[in-house]
Amino acid sequence: MADEEENPTFEEENEEIGGGAEGGQSKRKRVFSKELRCMMYGFGDDQNLYTESVDIEDLVIELITKMTRKAKSIGGSHGRVQVKDIIFLIRKEPRKFARVKDLLTMNDDLKHARKAFDEANYGS
Amino acid sequence: MDKARPWLPDLGPDLGVSREAPGMSLGPESSDPGRILPRDTAQEAREASDEEGGESARQDCPQPRAGEETDSSSRPPVAKRRKVDTEGKRGRQREVNEEEAQEMRTLVAAMSQEQLNRYQVFRSSAFPKATIKRLIQAVAGTPVSQNVVIAMSGMAKVFVGEVVEEALDMCEKWGEKPPLQPKHLREAVRRLRKKGQMPSSKHKILF
């Protein structure tokens, strides 16, 4: 995979955590088994047989690493991974875009609410 | 408590909202520090009508919310009037959310026990933020902000949903039963790749 060779130092850290190159799948520790099992049940799968379909965890890690790399390579932010870059990258995928927008909006609202709450507390 | 989160059906304390969605859908409360608790639905409807010019509606807010009785007379009318425009848009948005919330409540009330279980797990399941943050920082090489982690976790969950849904479609199409097998997943991934919904290889800078 030519596009994986760009940051060799980061590859090592990736393998220890379990992300990155598609070649080393058998060596990776399963970082997401509990959560993935719950999530797949929530999405409609059956309860028990996750251990056979562990491919999903590799897909998730691939998604995260590829998104991070793409976001990093966007020229405007000088190698930093920023939210606006992520949002730009998923602009064409309606579900992801809508979900990320909702999450960030709610987080923002919550922060405002907390700030108002604290101000009120200080006032009284 | 259910009025505080109109978008969340009232299913009890263990719905795990804290991980699934970072909070309540409140409006810009910073404009009114006297109001500690989020507005209830009646007040939201009044906010929405404010946009149409009913300023007096704000003056006579009759129901005292829990613990906040003092603000109905001490509110400065002029400041409020000036803020009506921006809050009007949010008020409309919240009205729409309130309708959606009502729909969700109806839907949830009609669910069977097994559906309820599944829905509960669906809402509360999430990727651990610490692990995601570690992974992103390992790839990026620089520390990332909290919002990036929130965005990435949410995106990963949607992605899992897309794959699982497609795989369930494949499973059903081939006439087989739910516990998903790797072949379903692989076929689902192949289809999503064709639709362009899989993470593709990054574009190399050519020049």
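Just so it is clear, the model here is predicted, and its values are computed rather than measured. Here is how names work: the chains are called A, B, and so on, in the same order as the sequence lines, proteins then strands, and each is numbered from 1.
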Open item on the list: So for atom CD, which belongs to E176(B), do other residues, nucleotides or ligands contribute more than 12 heavy atoms lying within a distance under 6.0 Å?
Closed with: yes
Open item on the list: On a heavy-atom basis, which atom in S145(B) and which in V83(A) lie closest, and how many Å separate them?
Closed with: OG-CG2, 4.3 Å
Task: Salt bridge present between E165(B) and R95(A) (N-O < 4.0 angstrom) - done: yes
TODO: Mind listing the closest non-hydrogen atom pair of A140(B) and V81(A) along with its distance?
DONE: CB-CG2, 3.6 Å
Open item on the list: Run T68(A) and M152(B) through side chain to side chain contact (heavy atoms under 4.5 Å, CB included) and show every step you take.
Closed with: CA-CA 9 Å; T68(A) 313; M152(B) 198 62 84; 3.8 Å; yes
Task: Part of V164(B) lying under 4.5 Å from any heavy atom of chain A - done: side chain
TODO: Report the distance from atom NZ of K157(B) to atom CG of L103(A), rounding to the nearest 0.5 Å.
DONE: 9.0 Å
Task: Option in G196(B), G161(B), C171(B), G154(B) with maximal non-hydrogen atom pairs under 4.5 Å from chain A - done: G161(B)
Open item on the list: I want to check something: taking the side chain as every heavy atom from C-beta on, are R99(A) and M155(B) in contact at a cut-off of under 4.5 Å?
Closed with: no
Task: Check: F43(A) and V163(B) side chains under 4.5 Å, non-hydrogen atoms - done: no
Open item on the list: So for Q115(B), is it side chain, backbone, both, or neither that comes closer than 4.5 Å to the heavy atoms of chain A?
Closed with: neither
TODO: Please examine the side chains of E35(A) and S125(B), heavy atoms only from C-beta on, and report whether any two atoms are closer than 4.5 Å.
DONE: no
- [ ] Could you check I64(A), L63(A), I56(A) and say which one makes a side chain to side chain contact (heavy atoms under 4.5 Å, CB included) with F159(B)?
- [x] L63(A)
Open item on the list: Which atoms of L168(B) are under 4.5 Å from chain A, going by heavy atoms: the side chain, the backbone, both sets, or neither?
Closed with: side chain
- [ ] Find out whether D46(A) and L180(B) are in side-chain contact, i.e. whether some heavy atom of one side chain is under 4.5 Å from a heavy atom of the other.
- [x] no
Task: Interatomic distance, Q82(A) atom CD to T142(B) atom OG1 [nearest 0.5 angstrom] - done: 9.0 Å
TODO: Could you grab the distance from atom CG of D45(A) to atom CD of Q181(B), nearest 0.5 Å is fine?
DONE: 10.0 Å
Open item on the list: Need one label for L59(A): side chain, backbone, both or neither, based on atoms under 4.5 Å from any heavy atom in chain B.
Closed with: both
TODO: Could you grab the distance from atom CG of N147(B) to atom NZ of K84(A), nearest 0.5 Å is fine?
DONE: 12.5 Å
Open item on the list: Quick check on the interface: out of E162(B), H184(B), M198(B), who has the most heavy-atom pairs with chain A under 4.5 Å?
Closed with: E162(B)
TODO: Taking the side chain as every heavy atom from C-beta outward, state whether M39(A) and F122(B) have any pair of such atoms under 4.5 Å apart.
DONE: no
- [ ] Quick one: do E93(A) and K195(B) satisfy salt bridge (Lys or Arg N to Asp or Glu O under 4.0 Å)? Show the steps, please.
- [x] CA-CA 10 Å; E93(A) 305 181 59; K195(B) 283 193 222 168; over 6 Å; no
Task: Minimum-distance pair of heavy atoms, taken over all atoms of L104(A) and I150(B) - done: CD2-CG2, 4.3 Å
Task: Choice from V144(B), I132(B), I136(B) maximising heavy atom contacts with chain A below 4.5 Å - done: I136(B)
